[in-house]
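Since the model is a prediction, treat every value here as computed from it, not as a measurement.
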Amino acid sequence: MVLLLFLLTVVVFFLFTLLPGDPARLTCGKSCTPAVVEANRHRLGLDDPVLVQYWKFFTGLFAGRVFSPDSPQPIVCNAPCLGYSFNRHEQVLTLITRALPVTIALALGGFILWLVVGISAGIYAALRRGRWQDRSVMGVALVGYSMPSFFIGLMLIFFVVLKWNWLPFPQWVSPFEDPVGFLQTMILPWIVIAVLYAAFYMRLTRNQVLEVFGDDFIRTARAKGLPERTVVTKHALRAGLTPIVTAAGLDLAGLLGGAIITESIFSLPGLGSLAVNSVVQADLPLITGITLTTATFVLFANLIVDLLYGVLDPRVRVA
């Protein structure tokens with residue numbers, strides 16, 4: 001894990017450092033002259049060799065960093081320093097921590113909703129294999145998986161907000177300041193996130209449960225006279241949860257990196273919207289910080305998934 005995180009900082013830093021474009025010119029303002037660009041390059045620390053720049057970036061993650069040390073007003077970036085956005089005149093970590101609660105609220109709400117709906121509907125379809133209920137659930141899953149998220153979001157806004165006036169137009173508010181307003185704002189984005197993922201988890205859960213139903217230990221459990229609910233929940237579902245947990249962990253990590261389309265549609269100031277704005281403004285320090293944060297979420301999600309394998313499946317602990 002530590003080695004991967006180190007390699008991650010190397011790849012992310014050099015990837016964006018070697019991109020075409022001159023950050024010194026992009027951040028020098030309207031009155032750019034060669035002298036101003038050169039002075040700005042020194043202020044940003046871009047006149048150092050690439051390896052020196054990376055060393056300052058890497059050590060800044062643990063010990064902090066000072067930008068423009070020769071100027072009358074040096075910029076102190078406290079550890080962990082992900083960089084400084086000269087476009088926004090704020091530390092990258094400050095910008096990320098400001099946007100992260102919005103993305104966490106969006107990701108967790110959608111995550112809970114799609115797991116409950118997807119797993120429940122998948123089990124229901126598996127228990128009625130070949131019947132009209134099974135075909136109906138799989139049909140709904142196919143439709144939900146086929147529709148793009150931006151289409152679902154726009155349709156919900158048009159009907160629920162504009163035409164029927166069931167909810168006010170989404171506007172981010174903290175759940176600690178206005179819980180009711182928070183729920184009114186987040187319910188539609190949660191549905192948009194959940195529709196696509198729930199459709200996938202319906203199919204995945206159904207296939208896993210049906211596969212496990214053919215194993216010997218399921219037939220043994222039924223031969224002992226255990227109730228069908230016990231057979232499904234304590235034996236079949238637990239044995240078939242491994243791929244579901246894998247997919248859930250990675251999907252949640254991806255959402256924590258920023259649900260760009262959903263946040264853009266509903267004007268949510270999360271990591272996705274911040275990433276889009278940073279790309280438009282060519283804010284390389286901010287892009288680097290967001291990419292590093294997102295990749296870290298994925299690494300930790302993989303670690304948690306690996307640990308959960310041993311809890312869910314005793315065969316993993318034996319191996």
Side-chain angles (χ1 to χ4, degrees), residues 1-23 26 44-46 48-67 75-88 90-104 106-108 111 243 245-261 263 270-310:
M1 189 77 181
V2 174
L3 177 61
L4 285 176
L5 287 173
F6 170 72
L7 294 177
L8 180 62
T9 63
V10 175
V11 173
V12 170
F13 178 83
F14 283 98
L15 175 65
F16 290 106
T17 300
L18 299 177
L19 284 177
D22 188 356
L26 293 173
L44 297 176
L46 299 177
D48 295 324
V50 177
L51 292 178
V52 175
Q53 293 181 42
Y54 171 74
W55 177 250
K56 290 181 178 180
F57 171 77
F58 181 75
T59 55
L61 295 174
F62 304 96
R65 186 177 175 185
V66 178
F67 292 89
I75 300 171
V76 179
C77 183
N78 298 319
C81 179
L82 293 176
Y84 187 85
S85 172
F86 287 89
N87 287 339
R88 299 171 180 258
E90 286 188 89
Q91 295 186 31
V92 170
L93 183 61
T94 302
L95 295 169
I96 292 177
T97 52
R98 186 184 304 155
L100 191 57
V102 182
T103 301
I104 290 177
L106 175 64
L108 289 182
F111 178 75
V245 169
T246 303
L250 296 179
D251 288 338
L252 179 60
L255 279 180
L256 289 176
I260 296 177
I261 296 177
E263 290 181 2
L271 278 182
S273 300
L274 186 64
V276 171
N277 293 331
S278 66
V279 172
V280 172
Q281 299 171 1
D283 194 337
L284 292 183
L286 185 54
I287 297 173
T288 303
I290 294 175
T291 305
L292 187 60
T293 302
T294 304
T296 303
F297 283 145
V298 175
L299 287 179
F300 274 99
N302 276 283
L303 175 63
I304 294 173
V305 167
D306 288 342
L307 295 176
L308 285 177
Y309 283 166

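Between Gly64 and Ala79, the shortest heavy-atom distance links the atoms N-CB, 3.4 Å. Closest approach of Gly249 to Ala301, counting heavy atoms only: O-CB, 3.4 Å. The shortest heavy-atom contact between Gln53 and Asp48 is NE2-O, 2.8 Å. Contact between Phe67 and Cys81 at its shortest, heavy atoms only, is CE1-SG, 4.1 Å.
Taking 4.5 Å as the limit, some side-chain heavy atom of Val276 sits within range of a side-chain heavy atom of Ile260. No side-chain heavy atom of Thr59 sits under 4.5 Å from any side-chain heavy atom of Arg65. Between Phe14 and Leu51 the shortest side-chain heavy-atom distance falls below 4.5 Å.
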Show your reasoning for whether side-chain contact (heavy atoms from CB on, under 4.5 Å) applies to Phe57 and Leu292.
-> CA-CA 12 Å; Phe57 171 77; Leu292 187 60; 4.1 Å; yes
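Atom CD1 of Ile287 and atom CG of Leu15 lie 10.0 Å apart (nearest 0.5 Å). Gln91 contributes atom CD, which lies 9.0 Å from atom OG1 of Thr97 (distance to the nearest 0.5 angstrom). Here the straight-line distance linking atom CG of Leu95 with atom CG of Leu100 works out to 12.5 Å at 0.5 Å rounding. Rounding to the nearest 0.5 Å gives a distance of 10.0 Å between CE of Met1 and CG of Asp306. Distance check, rounded to the nearest 0.5 Å: OG1 of Thr9 to CG of Leu61 gives 7.0 Å. Rounding to the nearest 0.5 angstrom, the gap separating the CG atom in Leu4 from the CZ atom in Phe300 is 11.0 Å.
Residues satisfying the side-chain contact (heavy atoms from CB on, under 4.5 Å) criterion with Ala107, sequence neighbours excluded, are Leu252, Leu255, Leu256. Every residue meeting the side-chain contact (heavy atoms from CB on, under 4.5 Å) condition with Ala247, not counting sequence neighbours, appears here in chain and number order: Phe200, Tyr201, Leu204, Asp251. Partners of Ala295 according to the side-chain contact (heavy atoms from CB on, under 4.5 Å) rule, which considers only residues two or more places apart in sequence or in another chain, are Leu8. Listed by chain and number, the residues in a side chain to side chain donor-acceptor pair (under 3.5 Å) with Glu263 are Thr103 (sequence neighbours excluded). Under the rule for a side-chain contact (heavy atoms from CB on, under 4.5 Å), the partners of Val92 that lie at least two apart in sequence or sit in another chain are Leu82, Ile96, Pro285, Leu286.
Ring geometry for Phe58 versus Phe62: interplanar angle over 60°, hence perpendicular rather than tilted (30 to 60°). Using a 30° and 60° split on the angle between ring planes, Phe6 and Tyr54 fall in the perpendicular class, above 60°.
Screening residues 282-303 for side-chain hydrogen bond (donor to acceptor under 3.5 Å, both in side chains), with sequence neighbours left out, gives Ser85-Asp283.
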